[in-house]
There are 2 protein chains.
Amino acid sequence: MRNHELIERLSHLVGDNGLVLDAEGQGPYVRDWLGKWQGSTPVVVRPRNATEVSAVMRLCHQTRTPVVPQGGNTGMSGGATPDGSGAQVILSLNRMKRIREVDPVNNTLCADAGVLLADVQAAARDVGRFFPLSLGAEGSCTIGGNLATNAGGTAVLRYGNTRDLALGLEVVLPDGRVWNGLRGLRKDNTGYDLKSLFIGSEGTLGIITGAVLKLYPAPTGRVAAWVGADTPAQVVALLSRLQSVCGERLTAFEMMSARCLDLVMAHVSGAASPLAGRHAYYALVELSDTEPAGLPALLETALGAALEAGVIQDCVVAMNDTQVQSLWRLREGISQAQVRAGKAIKHDIALPISRLAAFVEEADLALVSDFPGLPIINFGHIGDGNLHYNVLLPLDVAPAEYARLTAALNRRVHDLVAQRGGSISAEHGVGQLRRDELRRYKSPVEMDLMLMIKRALDPNQLMNPGKLL
Amino acid sequence: MRNHELIERLSHLVGDNGLVLDAEGQGPYVRDWLGKWQGSTPVVVRPRNATEVSAVMRLCHQTRTPVVPQGGNTGMSGGATPDGSGAQVILSLNRMKRIREVDPVNNTLCADAGVLLADVQAAARDVGRFFPLSLGAEGSCTIGGNLATNAGGTAVLRYGNTRDLALGLEVVLPDGRVWNGLRGLRKDNTGYDLKSLFIGSEGTLGIITGAVLKLYPAPTGRVAAWVGADTPAQVVALLSRLQSVCGERLTAFEMMSARCLDLVMAHVSGAASPLAGRHAYYALVELSDTEPAGLPALLETALGAALEAGVIQDCVVAMNDTQVQSLWRLREGISQAQVRAGKAIKHDIALPISRLAAFVEEADLALVSDFPGLPIINFGHIGDGNLHYNVLLPLDVAPAEYARLTAALNRRVHDLVAQRGGSISAEHGVGQLRRDELRRYKSPVEMDLMLMIKRALDPNQLMNPGKLL
């Protein structure tokens, strides 16, 4: 079908306001926010509800039109950007913004895919509950995108990834049929876990149009601490101690190297080191609870024992929310500082926590030897075994050199990760970014299992072609 | 291939000790422990490791021999019993009993599928950690069976179902290939969630031979309370209050009707009501914590406030472990009391917690009206929305009458469950028991999605035929 005919029929389905046809309007849809990927599309389609998504998909199925689903377009791996063929229609969920139901007794919330993560959080807060998914882009990413990519963030240690936070889904299949799996049940053993299959499938199996999400009791207080340590092994030892003593109160456990803190202090105004001395590594620890009175004593006692045992070198406890927030600003400042300081080659890796310290030691040595002089920016969600083990190049590095070093460093780091049973994409997904690498690190059996499922659910290969698989 | 030829070739793969050929030896394998299902098999094959499972499956694939995987054979739905054709080979995992690795730093444990659940719990305890899955059959069920059926139990409220407790799997596919997905990672966004797909698939997609399980900090103390209330709505209201105040400390929240307690007191020696007065409903509440000093005060304050507000009628707090255990004996005594008192028609249903009280009200009325005089045995894991809403027939009920009433009551109850967005199998799975009903309550789209996956992964339909789908 020619494009103008397709567009004509699409406009009957979603109305003229539901289409974006001009190049300027399409701009924010056809390139990712990092500016790493740029594609083109005949039309951006913006349905208002699952029925319209279904109609659009039925038409695309009939006409064999490939479709790129898109949420807030804040991904890190190019999973929502079309290719350059001009053949791929972008299906944006950004007009589907309805919170369908909030049920504080069942501790669930049902939302359209296009609701902003921050709006989900707010709707939970409005009924005295808590939706724990939290990440930098929460003001612009959508819950549908979070589900499609199984987003991680800073609260995974306690509450799990997005997949763990969903009880039910509504999905429009590649042929336009609607699967209504919007169940709000904690237990349901009536067949295959279709929900978990669609979550994290990056739009390659269908389009998530709605979800039933889990809500939690809202913690009513928190404390945090900034810790200085000599090695990642010490940081991991502290993690074990705090888990044993604090249980689920341990809500976040982040690590960063001295170089990360240096960068933040150099590039983020007002940033200052919370400790007098300099340490090779720092940890940011947060406890929260529905019954917070005992938190400061609990944390101080645990840290005191760790100091005494020589597990850590120094620490300071933040006693009020302003102090807690200022510690978090240091952690969150790394991204911004990194952008100002240079061009980062990024890794989003996960390791078994017991192998993490040895990995850092080995990877540091390997990079110093093979890529001398390149600063390593090592930080991450250590409580989940998730490191953003980045390498910083000068701001004026030539594009070809950047590309060459990226490929070489990715290979070096990811080979070490694979040897230790780790993941080359902990929370950012595969998208276009890691697609070729996936074939290197996944077993043929696992690749084949994924392809069998892809072929079964999307036999015409119309869903987000060129991503993930 | 004729049976003697198949057996000959199997004996080369697993040794003569790995086969059970005589009728007496096969007895415990070809019927389920409840005595509800009885089938037959040419041979029970008992491989020692995944390599042998792989060889057996390759042979079965070549010879188009159907296979019934079996763990501890303690299921409630006939999922591990062969049919009566005599064509289905039973593949028992009960010689695969190795705990492969315990990693207290990563909080993981890797075990063969045939390890008893109680042995997994013990191995975790030995390193100061906790594996929370707990259910009545834990001394005889296997972790592989728990995974294949996504078992529930008494700790789901806090820790989730079995699916939530596994990080990685090893699976032998229907064609004999081995998928090594034994990852011990908290974050891994590199493709489809194959793990969750195999978990709960009841042996219809492959054979789980090993798993990496999550361990938790061990709670070091617990308190419990026995509560009297007038209605399920009051019990649900108490649940909401306790969740808000106690957060994750709330480890179990069980409900039972007065009739359940009567039954236990009549049939279980030493059982006595913890409260002086009689109440229509009772709740058993447990809190546990890694830092348990504050638990008694927390629970007493919360219950005192609920009493004051008229949410509950009476309560007693168990202050030491002996008292806590005696409360649990009342809850756990229901199964035994039920067996002694009559023949139960069972339902294992789940509802959104916000609709649970209204469901009980409506179902009670419907049953009193349509099945007058039949006692309702209503108890369950209310914290998960999971009710075992059973009906008791006399011990001497005629088999035909039992069958007729079972069908009629299942239909009546499950129709009401479906109307309220519930599940007809919360934790026991589908197996043979609910297979026909599944088609009634699942949408055609959902059935078709499951069948597409089944056909893709098991095109010859050799895996556990007649179960689930």
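Naming: A, B, ... by sequence-line order, numbering from 1 per chain. All of these numbers come straight from a predicted model, not from anything done at the bench.
- Panel note: side chain A:Lys187, backbone B:Leu351; no donor-acceptor pair is recorded below 3.5 Å.
- Proximity of a side-chain donor or acceptor of A:Thr190 to a complementary backbone N or O of B:Ser425 within less than 3.5 Å is not detected.
- Residues B:Ser196 and A:Tyr192 have side chains that never bring a donor and an acceptor to within less than 3.5 angstrom of each other.
- For the atom pair A:Met450 CE and B:Leu194 CG, the distance stands at 6.5 Å (nearest 0.5 Å).
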Item to check | Check against salt bridge (charged side-chain N to carboxylate O under 4.0 Å, His left out), B:Asp289 and A:Arg249 | outcome: CA-CA 10 Å; B:Asp289 201 343; A:Arg249 294 173 187 85; 2.5 Å; yes
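- No side-chain heavy atom of A:Val445 sits less than 4.5 Å from a side-chain heavy atom of B:Val178.
- With a threshold of 4.5 angstrom between heavy atoms, B:Asn150 approaches chain A through its backbone and through its side chain.
- Side-chain atoms of A:Asn106 and B:Ser354 include no donor-acceptor pair closer than 3.5 Å.
- With respect to B:Glu446 and A:Lys195, no salt bridge is recorded, no charged nitrogen being found less than 4.0 Å from a carboxylate O.
- Within the 3.5 Å criterion, the main-chain N or O of A:Thr149 finds a donor-acceptor partner in the side chain of B:Asn189.
- Using a 4.5 Å cut-off between heavy atoms, A:Val156 touches chain B through its side chain atoms alone.
- The contact between A:Asp384 and chain B is made by backbone and side chain atoms together, counting heavy-atom distances below 4.5 Å.
- Within the model, atoms CG of A:Asn107 and OG of B:Ser240 stand 6.5 Å from one another, a figure rounded to the nearest 0.5 Å.
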